[in-house]
Amino acid sequence: MKATSKYLVIVILALAAGLASGYFLFSGGESAPSGDQAGTPGPAAAAEVWTCSMHPQIRQNEPGLCPICEMDLIPLSQNTSSDPLVLEMTTEAVKLAQVQTTVIGKQSTTSEIRLTGKIQEDERRVASQAAHIPGRIEQLLVTFTGEQVRKGQQLATVYSPDLITAQRELLEALSFQDVNPGIAEAARKKLRYWKISDEAIKDIEASGEVRETFGIYADAAGFVTKRMIAVGDYVRQGQVIFEIVDYNRLWVLFDAYEEDLARIRVGSRVRFTTPALPDQTFETRITFIDPAIHPQTRVAAVRAEVDNRAGLLKPEMFVRGTISSRAGSDARLTVPKSAVLWTGKRSVVYVKLPDTQIPSFQYREVDLGEASAGGYVVLGGLEAGEEVVTYGNFAIDAAAQLNNQQSMMNKLVNIKGAESGPPDYSESAPEAFKDQLEEVVISYLALKDAFVATDAQAAGSAAEGLLEALDKVDMNLLQGDAHAFWMRRAEGLSAHTEAIKTAEDVELQRRQFGFLSSALIETMQSFGTAGDTYYVQYCPMAFDNEGADWISHEEQIRNPYFGDQMLKCGKVTDTLRLHAGASPAGSRSLQHH
């Protein structure tokens, strides 16, 4: 009875506690504490949006876990940067994305070109074995292709009526040798004309007998690749009966694309392998570069020679080659290949910003040069000592895209307070700097005219003038961000101009001119010039329909990418009226529609 009463008391107390909890949770009475009194979210805090640092598309009105990665949600304000180029991530998000970074610096770069090709016989070691004696083939001592022969080895036996007659003439002339020795010598010369040896002639004279058959002997050593006769065939004097190739030295023929030819020289060292000998690497040097491009494949043949006395290599073997050469004697700034994201003509990296409380990564478009063993040569957009993302950059880019920030696939962003296009330093840039920039533009126009004329030599000379104009620009006239921006652009402008100067092929020069034009257009938009109106013009068919811009001082189209072939191909896409820093509305967009 006491146990039953005690149990009832416990049940009643539990019900009472439940009713009290329900009252406080669901009643709208005045006894519920306010947000300010109890420290719980008030009306303003209740409107706060929570998101995931790795998945910005997640939006909730209260904290919790991300339904995708189960990370703790954070207030949206903590994941939003006022700079559209900078993405802020929590430490947990960085760990989840496995972000890895590398501090870049200058180093001696090695240019590496990968080629494919095949082994072929050396054309200079191909010999046609002819029959020096007319007659009928009585016996073949070399009967199949692929058989190896030595120089001087007998290849066949020939029955020759002409030789029988000539021997009889010699024996008859010997009987008159005392009276007229010239007749005997003439008979000997006739036999030598058929390449009958002096020893054989002496034997005929000594024996006094006519030989019915004579041998044909190999003029060169090698392997028989073709047999054109059979036993019983009649052959003419000079008729080719065998083709013999010496495989002790072979050619290695590589296919080199147009863009690689500028970095290949006669004498360049090349290493190659073949699937038939996967554990061996062969090394030789380039001995010949084909002066013509194949019209269908758009490649040029690059030839090397290799010693093959060991007989390891055989004609028609497939090979893969690598040419490595120093890109320059001076150390150059390089960025690892894994750090670069490619999208069309743009190359993008993410730079980790230093001295930030929250891990922050800045979107950065960079100008890249040739590839090397350690990465890409940086022409502009990065500086030594900066920390770039080498792993996890795709995750960062995806987060930036979902957060409506500038990314690889989201070039133009629409964020309140953010301005698209290059930065505007036209108000702060002094007139002296704009005058110097004007001289750069004038030198650029001379370069553009050289490409309109499709004159590679004139383009090289104009590039020298442009380099001189760039050297005269006083960077000390600029301060702060404007100074840093010019330093990045000046490095790229100089690098592309130097590439135009050193290249000999006009199409390679034009490719660099396209990069140069894009960089100069952005520079003019940022700083302005003290000169007249310039026009930004666009050719949609340049570089296999990639499209390219250029700057002109006249509205009429004169295409520098095709010259006379398509002189009027293009359109005006922008007007740069940048007088003393004036930047009219609408003149800063370079979007082509």
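The basis for the numbers below is simple: all heavy atoms, side chains too, and nothing from hydrogens, waters or symmetry mates.
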For [X] and [Y], which heavy atoms make the closest approach, and how far apart are they?
| X | Y | answer |
| --- | --- | --- |
| Ile264 | Ile289 | O-CD1, 3.6 Å |
| Ser443 | Gly465 | OG-O, 3.8 Å |
| Ala262 | Leu508 | CB-CD1, 3.7 Å |
| Ala339 | Val349 | O-CG1, 3.4 Å |
| Thr334 | Val378 | C-CG2, 4.0 Å |
| Ser517 | Asp549 | CB-O, 3.3 Å |

Are any of the side-chain heavy atoms of [X] and [Y] separated by less than 4.5 Å?
| X | Y | value |
| --- | --- | --- |
| Glu387 | Val351 | no |
| Val335 | Val340 | yes |
| Val270 | Thr322 | no |
| Thr454 | Phe562 | no |
| Leu115 | Asp255 | no |
| Leu87 | Ile396 | yes |
| Ile293 | Glu258 | yes |
| Ile551 | Met524 | yes |

Does the side chain to side chain contact (heavy atoms under 4.5 Å, CB included) test come out yes or no for Leu467 and Lys501, once each step is laid out? CA-CA 9 Å; Leu467 287 171; Lys501 174 185 172 183; 3.9 Å; yes
Residue pairs passing the ring-ring contact (aromatic ring centres under 6.0 Å, His included) test where at least one lies in residues 271-306, sequence neighbours excluded: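 Passing the test, one end in residues 271-306: Phe272-Phe282.
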Return yes if some donor-acceptor pair links the side-chain N/O of [X] with the main-chain N/O of [Y] below 3.5 Å, else return no.
| X | Y | value |
| --- | --- | --- |
| Ser360 | Ile358 | yes |
| Thr573 | Val536 | yes |
| Ser526 | Pro423 | yes |
| Ser268 | Ile286 | no |
| Arg510 | Phe451 | yes |
| Asn308 | Leu313 | yes |
| Ser347 | Val366 | yes |
| Thr287 | Arg303 | yes |
| Arg114 | Gly321 | no |

Just to verify, what does Glu283 make a salt bridge (charged side-chain N to carboxylate O under 4.0 Å, His left out) with, not counting sequence neighbours?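 Arg269.
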Mind checking what makes salt bridge (charged side-chain N to carboxylate O under 4.0 Å, His left out) contact with Lys118, not counting sequence neighbours?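 Per chain and number, Lys118 pairs via salt bridge (charged side-chain N to carboxylate O under 4.0 Å, His left out) with Glu316.
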ring-ring contact (aromatic ring centres under 6.0 Å, His included) against [X], all qualifying residues, sequence neighbours excluded:
| X | value |
| --- | --- |
| Phe543 | Tyr561 |
| Tyr444 | Phe513 |
| Trp486 | Phe433 |

Nearest-0.5 Å distance that lies between atom [atom1] in [X] and atom [atom2] in [Y]:
| X | Y | atom1 | atom2 | answer |
| --- | --- | --- | --- | --- |
| Thr523 | Gln525 | OG1 | CD | 9.0 Å |
| Leu470 | Gln436 | CG | CD | 11.0 Å |
| Ile500 | Glu464 | CD1 | CD | 12.5 Å |
| Leu447 | Thr497 | CG | OG1 | 7.0 Å |
| Lys314 | Thr274 | NZ | OG1 | 11.0 Å |
| Tyr391 | Thr101 | OH | OG1 | 14.0 Å |

Under 4.0 Å between a Lys/Arg side-chain N and an Asp/Glu carboxylate O for Lys472 and Glu439?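 No.
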If the threshold is 4.0 Å, N to carboxylate O, is there a salt bridge linking Glu386 and Lys352?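 Looking at Lys352 together with Glu386, the answer is no, because their closest N to O distance does not fall below 4.0 Å.
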Gln537 and Trp550: side-chain donor and acceptor closer than 3.5 Å?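 Trp550 and Gln537 do have a side-chain donor-acceptor pair below 3.5 Å.
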Can you tell me if [atom1] on [X] sees more than 12 non-hydrogen neighbours from other groups inside 6.0 Å?
| X | atom1 | result |
| --- | --- | --- |
| Met317 | CE | yes |
| Asp481 | CG | no |
| Gln280 | CD | yes |

Does the gap between the ring centers of Phe361 and Tyr350 come in under 6.0 Å?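 So the answer is no for these two rings.
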Identify the residue among Arg511, Gln509, Gln512 that makes a side chain to side chain contact (heavy atoms under 4.5 Å, CB included) with His496.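 Answer after filtering Arg511, Gln509, Gln512: Gln512.
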Would you check, one step at a time, whether the test side chain to side chain contact (heavy atoms under 4.5 Å, CB included) holds for Arg489 with Asp367? CA-CA 9 Å; Arg489 282 292 167 262; Asp367 297 326; 3.9 Å; yes
Applying side chain to side chain contact (heavy atoms under 4.5 Å, CB included) to Val440 and Val473, what does each step give before you reach the verdict? CA-CA 8 Å; Val440 172; Val473 177; 3.7 Å; yes
Would Val452 and Asn559 count as a side chain to side chain contact (heavy atoms under 4.5 Å, CB included) if you check the C-alpha gap in whole Å, the side-chain angles of each, and the deciding distance to 0.1 Å? CA-CA 6 Å; Val452 172; Asn559 193 312; over 6 Å; no
